[in-house]
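Remember, it's a predicted structure, so these values are computed and weren't measured experimentally. In what follows, chains are A, B, ... by sequence order, proteins preceding strands, each numbered from 1.
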Amino acid sequence: MLEDEYQLDFFKDNGFVRKQCSKCGSFFWTRDLDRETCGDAPCDPYSFIGNPVFSREFDIAEMREYYLSFFEAQDHTRIERYPVVARWRDDIYLTIASIADFQPFVTSGQVPPPANPLTISQPCIRLNDLDSVGRSGRHLTTFEMMAHHAFNKTGKEIYWKDRTLELCDELLNSLKLDPFAVTYKEEPWAGGGNAGACVETIVNGLELATLVFMNLKQDKNGTIPIKGETYSKMDNYIVDTGYGLERFVWASKGSPTIYDAIFPEIVNELMGLAGIEHKLNDPEYTNILAQNARLAGLMDVSEKANLFELRKQVASSIGMTVDKLATIMEPVEKVYAITDHTRCLTFMLADGVIPSNVKGGYLARLVLRRTLRMMKDLDIRTPLSEIVDMHIRNMPEYPEFRENFPIIQDILESEEEKFNNTLERGRRIIQKSAKHFKKSGEKIPLSQLTELYDSHGIPPETAKEVASELGVEVEFPDNFYSLIGERQNKAEEKEVEEYPYAERLSHLPKTKRLFYDEPTRMEFEAVVLDVFENNIVLDSTFFYAEGGGQPADSGTIIAGDAVYRVKDVQVQNGVIIHSVDLPEDKLDISKGDMIVGKVDEARRMALARHHTATHIVNDAARKVLGNHIWQAGAQKFEDRSRLDLSHYKHISPDELRQIELLANRTVMENKRVSTEWMPRTEAEQEYGFGLYQGGVPPGDTIRVVKVGDDVEACAGTHCTSTGLVGPIKILRTERIQDGVERLEFAAGNAAVLATQKMEALLTEAAKTLSVPPDQLPASTERFFGEWKNLKKENERLKEDLARAKVFQLLGNAKKIGDLKVVSEIITEADSQELQKIATELIKSEKVVALLASEVEGVKLVAAASKEAIEQGIKAGNLVREMSKLVGGGGGGKPALAMGGGTDPTKINEALNCGLELVKESLAR
RNA sequence: GGGCUCGUAGAUCAGGGGUAGAUCGUCACGUUCGCAACGUGAAGGCCGCGGGUUCAAAUCCCGCCGAGUCCA
């Protein structure tokens, strides 16, 4: 990065000098001629702790308001916060910075910003420093990034670097900050495919703001190298600032940690619940916290080794043993982390994240379970929802939190229960495993521990605790979790296949989509713009191309005498490609021809019905289940449609009926379905991000479809009024993931057919039982019960029969030595029956049984009573040899063995063989 | 999106090609004025569903359904 980038008039005019930090070597600007270091930690310590930098203390709400009104007074428009779930992005789950609100379409210049310049305080969530939260005194999972943004274009500049620095400096001056305390450190910035110059605003060791001047984009052929990539200049250049709201509040208070600065009431409450005295007015106590925070500011405490080093340093500087310090700090750190994590959960859940085991939901569960684990450690038994309630009370500026509280409470309760179940299950699994290894006297091996964690969610710490209760040792390496990470085989990145005719298509204009203007017209004329293989490109079309979960239309294209069946329609960069069945070898069409297109109306209408029905069902589900319902995916077919919804528990049969009723009511109300093309930003502001249920469409204008109370950005074809959808019948539900429920339903004709099909099934089943359908449940229950009883009785009878046969069979027994050998064919007896008879026979003394029957081939059973076994008879061996003769195999235990084969003509031979074997065994 | 684990009696689980088990709970009987406890006994199983391999599948293989869990 060129140093010219930082030679600003602002610095020159305000008495700044450029210096190089004597410690880290980076360049910075300061008014203090004697300054040698850049001001940032670790080059400078946290000197604001116990020494506030502003004229007065601010709490969160005051500071936010101060900042936003300051920039409003400087001609910025205040913008409402965006959700912490990045609904408008498909590349990230959570909003990680204020600029994320405007990516990708505003930053790329494709869509105008909601205002220019603007100011916002955007709640952000970053989970990458999870381990440091609570320990470092400054890390948070959730923070508000206060920002002012200016979106410039070549020739239309709002303001750039000088004005940005000036605004920052004025803001700080208005807060009565010592002008000599602030340094502006040069730091090239890159991220998310963009880059630019950047200035960090640092005061007394604390970075308060980052001022990014984004004017570069990643470019293979670029000439500007930054951090191993090459970049080139963009036409649009953006002022991207980030002021840490929480850090401003902290700096204004100078409290030992950021946590004590931003939510002191909740920290104190939790300290009380954990039985810790949080004596912030005791100088000795605050000194410990302050020392800890100052030193923690200098190192990365997410690593165990560093944490121990921190403890050592703090302990020695205040004259305390490391162990004692650790016993003081650990619970305090956990309280801080719990306070932070619950605030994070408040934002996530209120903004509609449903905890789950995949995707964004997993992040919520991760935070939630970490919190519960720490609460358990501290023996805090308060329900999570009560702590979240404290946060909600603490942030009245977000009324939506209170509104969504009932659902949040419900989610938290079910999550707590799930976690307790998992823990309970985990305990049992460890106990089992521990018992197993106790027998062999081994330690539980690492492979076992990784499986416990990977498959059952049992952290090795828990395994150690539970196993030690049983006296089994557990050891695991410090880098256990990173080992787990390495075990995961990285999914191979699939290369995006380039469409083979992409180059050819790029010269064609975008196809006019006339089906939007005249949704009921199915026949049209158009001009052929290009033909290749079996593909036809037209200037305009009424064929809908596959997209938004709606399959393509089919139909015919007629060119002169030739009629071609359209089998697929796809869109590539706005150009619609009609793929047709190739009749012989070549299409008899060429550029410039006029064709007639006919869309298959029945298919189109069926798809449109299912599409409109999807919007209706989505809306009904939201009304029945709650505001957190979000479409997680959808697919339409001719005969049914499916809709995946984010929901934290199973949809009950009763809820399902309500949804179905409500959906059909919307149909019967016959509401007009309206569609309208709107500028993206305007649509977002009017309807919110609920628009993006079905994904985020590209482009600066989006098509807004209103179906009853449902408003979505959607490019699909719809019925013109809800009445045309016809009946809606929900067919089934399925849980496709934890936190996502799938509804399958049919609309219109398909709904009637589906109902008829179900009715036919019922009638057929009822016919078999000769009862009317409404008696089916009672009858099936009765029949099933009877069947069970008969089965049991049958078994009992077989046993009785077996017992009855014993006497007769023993009478026919041959004497071999002093053994009675029964060798018989029992007609019609299956192997189970043979077994029972054999078992009965060997209850008598000195008996060997060789039984056979001719059922599904040949079944053989041999059995030997205790005395026979003692004389060397092994039923298993007998059966094995006998079975070979009948063309099969068999085996078993000395007392009882089963076998069989496929050749019934050899039954007698097999039995004789058995007798011979018994003789042989005895002879030995 | 990728990986792993598990579905057996009302509950918790064992078994892992060859006679379906344990503990708790339930019921009956005994003991008791009654209860708890105890003793004796009994009932309770489409071994998740569907295919395949095999003489034989709860057990092995494939698919489906359901539950859990880790990672991105």
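- The only option from A:Asp738, A:Ile411, A:Leu625, A:Leu349 that meets the side chain to side chain contact (heavy atoms under 4.5 Å, CB included) definition with A:Tyr648 turns out to be A:Ile411.
- Comparing B:G45, B:A14, B:G68 by their closest approach to the side chain of A:Ser455 singles out B:G68.
- Under the 4.5 Å side-chain criterion, counting only non-hydrogen atoms from C-beta, A:Val367 is not in contact with A:Arg370.
- Taking the C1' atoms as reference points, B:U8 lies 8 Å from B:G45, given to the whole Å.
- At a threshold of 4.0 angstrom between heavy atoms, the contacts of A:Gly857 with the nucleic acid are absent.
- The closest donor-acceptor contact from the side chain of A:Ser921 to the backbone of A:Ile873 lies at 3.5 Å or more, if one exists at all.
- Here the nucleotide nearest the side chain of A:Glu734, chosen from B:A14, B:C70, B:G66, is B:G66.
- Candidate nucleotides B:G45, B:A67, B:G68 were compared by shortest atom distance to the side chain of A:Lys788, and B:G45 ranks first.
- Taking the C1' atom of each, B:U19 and B:C27 are spaced 27 Å apart, rounded to whole Å.
- B:G18 is paired with B:C55 under the Watson-Crick or G-U wobble criterion, all donor-acceptor distances under 3.5 Å.
- For the pair A:Met758 and A:Leu731, the minimum side-chain heavy-atom distance is below 4.5 Å.
- A heavy-atom distance below 4.5 Å is found between the side chains of A:Lys376 and A:Leu423.
- Distances were taken from every side-chain heavy atom of A:Glu451 (C-beta onward) to each of B:G68, B:U5, B:U19; the shortest belongs to B:U5.
- Under the 3.5 Å distance criterion, the side-chain polar atoms of A:Thr371 are left unmatched by any main-chain donor or acceptor of A:Thr342.
- Using the Watson-Crick or G-U wobble rule with both distances under 3.5 Å, B:U23 pairs with B:A11.
- Nucleotides B:C60 and B:U54 have their C1' atoms positioned 10 Å apart, rounded to a whole Å.
- On a pure distance criterion of 3.5 Å, no polar donor-acceptor pair joins the side chain of A:Asp454 and the base of B:U69.
- The gap from the P atom of B:G50 to that of B:C65 amounts to 15 Å, rounded to the nearest Å.
- Look at the C1' atom in both B:A42 and B:G25: the space between them is 14 Å, to the nearest Å.
- One can place CD of A:Glu417 at 15 Å from P of B:A67, the figure rounded to the nearest angstrom.
- Rounded to a whole Å, the CZ atom of A:Phe419 is 14 Å from the P atom of B:G68.
- Remark: A:Lys792 is not in phosphate contact with B:A43, judged by side-chain N or O atoms under 4.0 Å from OP1 or OP2.
- Put simply, NZ on A:Lys432 is 11 Å from C1' on B:U12, counting in whole angstrom units.
- For the pair A:Met882 CE and B:A56 P, the interatomic distance rounds to 17 Å; values are reported in whole Å.
- Comparing A:Met898 and A:Gln737 by the nucleotide of RNA chain B that holds the closest heavy atom to each, the one mapping nearer the 5' end is A:Gln737.
- Here the separation of B:C4 from B:U40, taken at their P atoms, is 48 Å to the nearest Å.
- Counting to the nearest Å, the P atom of B:C70 and the CD atom of A:Gln448 are 17 Å from each other.
- With rounding to whole Å, A:Leu449 atom CG is found 15 Å from B:C70 atom P.
- Closest to the A:Arg428 side chain, of the nucleotides B:G66, B:U69, B:C13, is B:C13.
- Comparing the P positions of B:G52 and B:A9 gives a spacing of 26 Å, expressed to the nearest Å.
- In this structure, B:C46 makes no Watson-Crick or G-U wobble pair, since no nucleotide meets both defining distances under 3.5 angstrom.
- Atom CG in A:Asn789 sits roughly 12 Å away from atom C1' in B:G44 (whole-Å rounding).
- The partner of B:C6 is B:G66, by the rule that a Watson-Crick or G-U pair needs both atom distances under 3.5 Å.
- For the C1' atoms, the distance linking B:G10 with B:G44 amounts to 8 Å, nearest Å.
- A heavy-atom distance below 4.5 Å is not found between the side chains of A:Lys820 and A:Leu841.
- Rounded to a whole Å, the CG atom of A:Asp738 is 13 Å from the C1' atom of B:C70.
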Under-3.5 Å N/O pairs linking protein and nucleotides 20-22 of chain B:
none

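- At least one donor-acceptor pair under 3.5 Å links the side chain of A:Gln693 to the backbone N or O of A:Gln631.
- Under the Watson-Crick or G-U wobble criterion, with both distances below 3.5 Å, B:C38 is paired with B:G30.
- Of all nucleotides present, only B:C71 satisfies the Watson-Crick or G-U wobble test against B:G1, with each distance under 3.5 Å.
- Here the nucleotide nearest the side chain of A:Arg365, chosen from B:U69, B:C55, B:G1, is B:U69.
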* Test A:Glu870 against A:Lys866 for salt bridge (Lys or Arg N to Asp or Glu O under 4.0 Å), laying out the working first. => CA-CA 6 Å; A:Glu870 278 161 7; A:Lys866 208 173 75 188; 5.3 Å; no

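- Considering only heavy atoms from C-beta on, A:Glu833 stays 4.5 Å or farther from A:Lys836 through its side chain.
- Mapped onto RNA chain B by nearest heavy atom, A:His456 and A:Ala895 fall at different nucleotides, with A:His456 at the one closer to the 5' end.
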